[in-house]
Amino acid sequence: MPKNDTSSTHSSETPVLTGRTALIWAGRLVVGLAGLAVAGVACVLMAVGIALAVAYPNLPEVAGLADYRPKLPLRVITSDGELIGEFGEERRNLLTINEIPAVMKNAVLAIEDARFFEHNGVDYRGMIRAALANLRQAKSQGASTITMQVARNVYLSAEKSYTRKIYEVLLTFKLEHMLTKEQILEIYMNQIFLGQRAYGFSAAAQIYYGKALKDVTIAEAAMLAGLPQAPSAYNPIKNPRRARSRQLHIIDRMVENGFITAQEAEVAKAEELKLRPVGNSDKPHAEFVAEMVRQSIVNQYGEEAYTRGLVVTTTLKANEQHAAYRAVRQGVLDYERRQFYRGPELFIDLPADKAARDDAIDEALTDRPDNDDLLSAVVLEANARRVLAVRQDGEPFEITGEGLKPVQSGLSDKAGPNVKIRPGALIRVVQTAPRTWRITQLPEVESAFVALDPRTGKVIALVGGFDFQKSKFNHVTQAWRQPGSSFKPFIYSAALEKGLTPMTVVNDAPLFYSAGETGGKPWEPKNYDGQFEGPMSVRRALAKSKNMVSIRVLQLVGTQSAQEWVSRFGFDADKHPPYLTMALGAGSVTPMQMATGYSVFANGGYRISPILITRVTDHKGKVLYETPEPTLSDAERAIEPRNAFVMNSLLQEITRSGTAARAQATLKRTDLFGKTGTTNDSVDAWFVGYQPTLVAAAWVGYDTPRNLGSRETGGGLSLPIWISFMSQALKDVPVSPYTPPPGVINVGGEWYFEEFTPGNGVHGLGLQDPWPGAVVPESNPAASTAPAAAPVVEDRRGILDLFRN
């Protein structure tokens with residue numbers, strides 16, 4: 001019994017003792033955990049404090065953002081403000097917050113940071129919302145405020161780490177403390193990357209829509225506002241479907257935040273956006289000029305030229321530049337249609353599987369992009385009567401009838417494998433009318449054109465070649481070519497000072513020079529037309545470009561004297577050796593030199609220097625460089641006014657009844673002057689001419705000199721380019737009368753120097769030579785056997801001279 005009592009007592013007391021002990025230990029545990037928690041928080045706060053103390057002094061200085069200066073590209077513009085070139089990795093256009101339209105700011109705030117003007121840089125409500133959304137794995141609007149994005153994009157790297165996040169938050173607070181909300185928003189709107197190399201919404205509006213930011217609609221602003229989150233994914237050009245979805249979402253957000261009404265939203269959603277086609281801008285094609293300017297500015301300012309936001313104003317006029325570009329392309333393509341078809345550019349296999357075939361076609365067309373109006377296409381079917389081709393839009397189209405004439409040799413059964421147009425061939429087509437096409441080919445021939453104001457030297461238009469992307473060689477300033485007969489006026493100008501008059505009779509009779517006389521090979525020059533017409537007046541001889549007459553005129557002047565005389569017009573004496581071949585233009589010139597030389601005749605005898613750059617400003621408009629307005633009174637006199645006047649009379653005759661008679665006949669005006677030029681074996685074709693307010697030189701030839709064709713001349717190749725340009729450039733310019741200067745008199749309807757009136761000047765040249773009658777040479781009637789054409793060489797002096805002057 002006692003045993004049982006003891007056992008019973010022990011078992012009843014044990015639970016009581018255990019319960020009290022548990023409570024005691026539980027209390028101690030709670031106190032301990034609370035202490036640990038407090039200690040932990042204290043440690044965290046201490047760690048954060050230490051981190052803040054260490055990190056804050058290392059934060060970048062943000063005061064400079066009050067005068068925010070991002071990398072701004074070098075811009076080149078025409079005299080009337082049209083953009084022709086932009087250089088730099090980042091394409092920007094800096095605007096103040098007041099210049100940014102409210103619709104653009106509201107669209108950005110609606111999607112990026114609706115509470116921007118309410119929070120202190122960190123939107124805690126937004127962070128909680130984003131966190132909950134992430135837990136639900138739902139689409140989040142993000143927790144980064146605009147201030148945080150500025151801190152991240154302007155100052156911090158793209159790495160993802162806790163350290164960078166700490167710096168981002170700290171920098172956000174610092175930005176909010178140092179800058180106003182308006183300043184922060186201005187920085188964001190100007191520096192955010194928006195795809196297509198565009199930084200800032202102003203640049204994006206130009207790139208995507210081709211318009212100023214102030215002119216964007218609600219729909220356009222909403223589309224642009226969708227780009228910051230993912231510039232590639234929401235690019236309306238590359239991903240129109242996703243961009244459209246994002247745009248609609250932003251329009252809804254603008255309604256939710258009270259920025260627009262529901263009615264405005266419906267109108268915006270229904271608006272059809274007109275995107276600017278990639279690579280097909282409305283700006284004037286002046287790539288060669290832009291490159292000339294780029295080289296000059298980089299030489300002056302170094303690599304900073306690409307980031308300082310410099311704006312360079314050129315002398316170019318946008319409409320005239322466009323006219324010059326079109327005239328050159330049309331002239332070259334007209335010549336190309338007369339050439340033998342050289343065959344497709346590429347041949348690809350067309351897989352049977354449609355998807356694989358489409359991929360192969362896309363890849364081929366991407367490798368051979370369009371060249372302005374010369375569009376690339378892949379042939380699907382081909383026979384002598386019909387070619388079916390396709391472009392990147394995937395819609396097949398037919399070429400038939402006249403559109404096949406230029407490539408008949410490529411459709412012949414006898415065509416070689418490299419010329420045959422067959423399925424898989426990559427060809428070039430031009431659209432001649434709606435749903436009407438013609439097959440063509442990329443030209444091999446080159447051309448150059450330059451126009452300037454002879455009164456100031458300002459370059460009005462310049463086209464350095466057919467295609468800048470194909471070849472950046474600037475033929476206007478870098479190509480040294482033989483001028484042929486277009487050089488003759490300078491020899492005649494020298495002869496006027498020796499007593500030659502427009503009515504002086506010169507014998508157009510054969511000439512022959514032995515090896516002993518030339519010091520080399522025998523030389524028997526010919527007239528281009530192969531005809532010798534005997535005695536004729538200087539006026540008629542120059543109009544008909546008679547080589548024999550020009551040689552006899554040079555003999556009157558003397559080769560050494562002529563070499564000195566032509567240097568007055570800006571030509572390099574060493575490029576024109578003192579031989580009789582100078583009379584036929586056997587020296588070397590550039591198109592720019594020819595235009596400058598003819599300017600002396602046009603302006604009454606003054607030698608002007610070409611000017612291309614008139615002003616350089618920084619991004620705020622501060623003028624860094626400016627060219628004083630040039631005047632003829634500051635120019636050097638090259639020849640007397642009376643010499644220029646009589647030469648005008650002679651050169652006017654050429655455009656009226658001579659080798660350039662098409663000029664006056666087409667343009668229906670009499671104040672046109674100029675001279676054609678075709679070199680030995682039709683290697684170079686020229687026309688240089690002017691109206692008193694505008695001088696222009698046109699040249700056509702191959703980079704590696706070769707025959708253009710037995711019937712190709714300056715009058716047939718280059719004159720049409722000149723006429724096409726002048727028809728636009730002179731459209732609203734009145735006909736200019738020209739008044740005789742002192743020192744000339746008119747006798748019997750002809751002009752003479754006072755001391756060289758009839759009976760007092762040179763009576764005749766070569767009249768004592770035997771005249772055998774008309775002779776048709778056995779050799780090429782176009783040949784003059786002058787020295788071979790000078791090779792094309794690069795000379796950069798013209799670029800520097802244009803900048804310095």
Where the side chain of [X] meets the backbone of [Y], is there a donor-acceptor pair that is under 3.5 Å apart?
X    : Y    : answer
E712 : A685 : no
D453 : I460 : no
S727 : S724 : yes
E524 : F512 : no
D681 : V683 : no
T666 : A663 : no
T713 : G716 : yes
S567 : A573 : no

Might you confirm whether atom [atom1] of [X] has over 12 heavy atoms from other residues, nucleotides or ligands at distances under 6.0 Å?
X    : atom1 : answer
R669 : CZ    : yes
K498 : NZ    : no
Y579 : OH    : no

Any side-chain heavy-atom pair of [X] and [Y] under 4.5 Å:
X    : Y    : value
F487 : F571 : yes
W523 : L580 : yes
T590 : W480 : yes
T679 : R481 : no
E653 : S657 : yes
L650 : I654 : no

Is the distance from the ring center of F569 to that of Y598 below 6.0 Å?
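That pair fails the under 6.0 Å test.
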Check the angle between the aromatic planes of W699 and H475 and answer parallel, tilted or perpendicular using the 30° and 60° thresholds.
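Geometry flag for H475 against W699: parallel rings.
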For the pair W751 and F645, name the ring-plane relationship: parallel under 30°, tilted 30 to 60°, perpendicular over 60°.
perpendicular
[X] and [Y]: side chain donor to acceptor below 3.5 Å:
X    : Y    : result
D671 : Q691 : yes
Q652 : Y738 : yes
N547 : K488 : yes

Supply the atom-to-atom distance L556 CG to E497 CD, rounded to the nearest 0.5 angstrom.
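Output value for this atom pair is 11.5 Å.
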Let's go through E287 and K472 carefully: what are the C-alpha distance in whole Å and the side-chain angles of both, what is the deciding distance for salt bridge (charged side-chain N to carboxylate O under 4.0 Å, His left out) to 0.1 Å, and is it a yes or a no?
CA-CA 9 Å; E287 295 86 353; K472 295 174 175 57; over 6 Å; no
Which residue is it: F673, F490, Y690? I am looking for the one with a ring pair (Phe, Tyr, Trp, His ring centres under 6.0 Å) to F601.
F490
